[in-house]
2 protein chains.
Amino acid sequence: MLRENSGALVVLDAPLREQRSDAAANRRRILAAAEQLFAQRGVAAVSMAEIARTAGVGQGTLYRNFANKGELCLALLDTQMADFQNRVLEALREMAYQGKPWLEQAGWFLEALVLFNAQHIPLLFEAQREIAAGGGLLGSPLQWQRVTVSALLGRAAQSGELKAGLDLPVAADLLLAFAHPPVFHFLTVHAQYAPQQIISALRQMLRLLAA
Amino acid sequence: MLRENSGALVVLDAPLREQRSDAAANRRRILAAAEQLFAQRGVAAVSMAEIARTAGVGQGTLYRNFANKGELCLALLDTQMADFQNRVLEALREMAYQGKPWLEQAGWFLEALVLFNAQHIPLLFEAQREIAAGGGLLGSPLQWQRVTVSALLGRAAQSGELKAGLDLPVAADLLLAFAHPPVFHFLTVHAQYAPQQIISALRQMLRLLAA
DNA sequence: AGCTTAAACGGACAGCTATCCGCTTGTCAA
DNA sequence: TTGACAAGCGGATAGCTGTCCGTTTAAGCT
């Protein structure tokens with residue numbers, strides 16, 4: 001599971017033999033079926049059994065490819081998440097090259113993350129339901145976001161951009177708390193904040209960290 | 001459901017007739033059974049069917065009292081949450097009377113909330129799984145926490161304790177993001193932060209808001 | 001082409017959640 | 001005390017998730 005070769009995510013171990021061609025085809029049919037059903041009726045209202053039926057495969061086949069609906073959702077997001085990650089890291093590299101202050105980079109990053117979440121919250125929300133329970137978000141794609149923010153804050157501190165005496169790792173995680181799907185869902189759906197409002201508030205927070 | 005008369009939580013509508021005595025007894029037996037099973041084997045590992053069996057009632061009876069495991073967990077927390085709320089509001093009233101700065105009150109509140117969550121995270125976590133899906137956290141006990149923090153920040157702003165130009169409602173919700181059970185679970189279990197570390201970081205954040 | 005074998009298949013199944021509905025019982029009024 | 005009835009009961013049941021295992025088949029070797 002989670003051995004995504006299509007995108008840029010972690011490859012756990014090299015496959016000893018190539019995947020069989022019928023298996024690959026089935027995987028594609030499953031993803032296509034899921035995408036279609038999700039679009040038609042919403043992620044939550046579609047059952048795994050139905051996805052298997054629509055894809056024309058048995059349940060066993062479905063579950064060998066994706067241990068649960070969460071993994072299936074993550075797989076559907078795989079390409080977009082990989083693209084996002086690449087775009088972001090590239091942009092940050094460019095900004096660093098141009099000498100843009102680290103705190104501003106962090107602000108830009110959080111903005112990009114808010115917009116990404118806003119776009120993909122249904123799948124992210126469902127993915128979280130199943131993945132978070134077993135094993136935290138360990139190894140999950142959200143991990144690089146923590147690393148990135150933490151690193152940006154660290155460099156900002158080294159450059160004297162930040163107030164002294166801050167616990168940076170915890171601060172980073174608190175800043176990123178909004179990105180946990182249930183929280184983001186709460187902020188946008190229940191509290192009715194627009195993405196721009198969230199972005200502004202996060203930028204304010206960052207500005208407060210500045211020396 | 002969620003018509004908790006035992007504690008201080010919202011009463012949706014006055015019951016037209018008193019609850020029948022056998023029903024009340026069953027409710028108590030269910031709660032007792034759940035508490036015992038949860039303590040023995042952990043919340044996640046206990047099924048509703050088993051709770052019903054242990055309590056000596058039918059599944060129908062169980063589900064009429066608690067629409068899902070989440071509500072059952074909330075009911076188990078009801079007393080403690082009501083106590084917590086009362087203690088907190090009382091303490092805040094006292095602090096306000098003594099003229100303690102609003103920001104410090106907010107800091108104290110967040111500290112108390114961290115400690116409460118740390119103590120009850122297993123039940124809170126399970127409760128969230130089922131409740132958040134249908135209807136957000138609408139009307140749920142977490143609502144008064146938002147109101148409280150928002151109000152404290154508002155008064156702090158009026159008293160000139162805060163920097164100008166902040167979006168207080170959003171700031172309040174971002175400060176409270178840590179309290180969403182999945183996030184708190186993540187921070188303590190996965191990121192391995194001690195409650196005191198989280199408290200310190202939150203206090204730092206609040207200090208940064210100060211004028 | 002034919003053989004071998006591990007990979008993949010898919011349907012049956014166990015266990016769970018949540019609902020439904022015919023039966024039972026506590027409660028109130030007379 | 002008794003009768004009526006709403007409230008409550010609990011087992012049967014539908015539909016879901018995730019697993020298991022006997023069967024099928026693609027792929028590499030000869």
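Lettering of chains follows the sequences in order, A, B, ..., and the numbering in each one begins at 1.
A:Arg28 contributes atom CZ, which lies 9.5 Å from atom CG of A:Leu31 (distance to the nearest 0.5 angstrom). To the nearest 0.5 Å, the span separating NZ on A:Lys69 from CG on A:Leu76 amounts to 11.5 Å. Atom CG of A:Leu152 and atom CE of A:Met95 lie 9.5 Å apart (nearest 0.5 Å).
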N/O donor to acceptor pairs below 3.5 angstrom from side-chain atoms of residues 105-114 of chain B, sequence neighbours left out:
unit_1	atom_1	unit_2	atom_2	d
B:Gln105	NE2	B:Lys100	O	3.1
B:Glu111	OE1	B:Arg203	NH1	2.6

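Residue A:Arg155 places its CZ atom among 12 or fewer non-hydrogen atoms of other residues, nucleotides or ligands, all under 6.0 Å distant.
The distance from atom CZ of A:Phe66 to atom P of D:dG18 is 14 Å, rounded to the nearest whole Å. Regarding B:Asn68, its CG atom lies at a distance of 18 Å from the P atom of D:dC16, rounded to whole Å. In this structure, the CG atom of A:Leu62 is 17 Å from the P atom of C:dA12, given to the nearest Å. Taking atom CZ of A:Arg64 as the reference point, atom P of D:dT24 lies 16 Å away to the nearest angstrom. When rounded to the nearest whole Å, the span between CD of A:Gln19 and C1' of D:dT25 equals 15 Å.
Of the candidates D:dT17, C:dC9, D:dC9, the closest approach to any side-chain atom of B:Asp22 belongs to D:dC9.
Side-chain contact between A:Trp144 and A:Val88: present, with at least one pair of heavy atoms (C-beta onward) separated by less than 4.5 Å.
With sequence neighbours left out, B:Phe116 forms a ring-ring contact (aromatic ring centres under 6.0 Å, His included) with B:Phe84, B:His120. In this structure B:Ser47 satisfies the side chain to side chain contact (heavy atoms under 4.5 Å, CB included) test together with B:Ala49, B:Glu50, sequence neighbours excluded.
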Below 3.5 Å between N/O atoms, which protein atoms pair up with nucleotides 11-14 of chain D? Just atom names and distances, please.
unit_1	atom_1	unit_2	atom_2	d
D:dG11	O6	B:Gly60	N	3.4

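Remark: the backbone N or O of B:Phe184 is paired with a side-chain donor or acceptor of B:Thr188 at under 3.5 angstrom. Using a distance-only test at 3.5 Å, with no hydrogens or angles considered, a donor-acceptor pair links the side chain of A:Asn65 to the main chain of A:Thr61.
For C:dA7, the base has a donor-acceptor partner in the side chain of A:Arg20 [N/O atoms by modelled type, under 3.5 angstrom].
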Q.
Could you write out DNA chain C as dot-bracket? Rules: Watson-Crick or G-U wobble, both distances under 3.5 Å, brackets [ ] for crossings, | for pairs with another strand, dot for unpaired.
A. ||||||||||||||||||||||||||||||
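Non-hydrogen atoms lying under 4.0 Å from DNA chain D are contributed by A:Ser47, A:Met48, A:Ala49, all within residues 34-51 of chain A.
Here the shortest heavy-atom pairing between A:Ser150 and A:Pro169 reads OG-CA, 4.2 Å.
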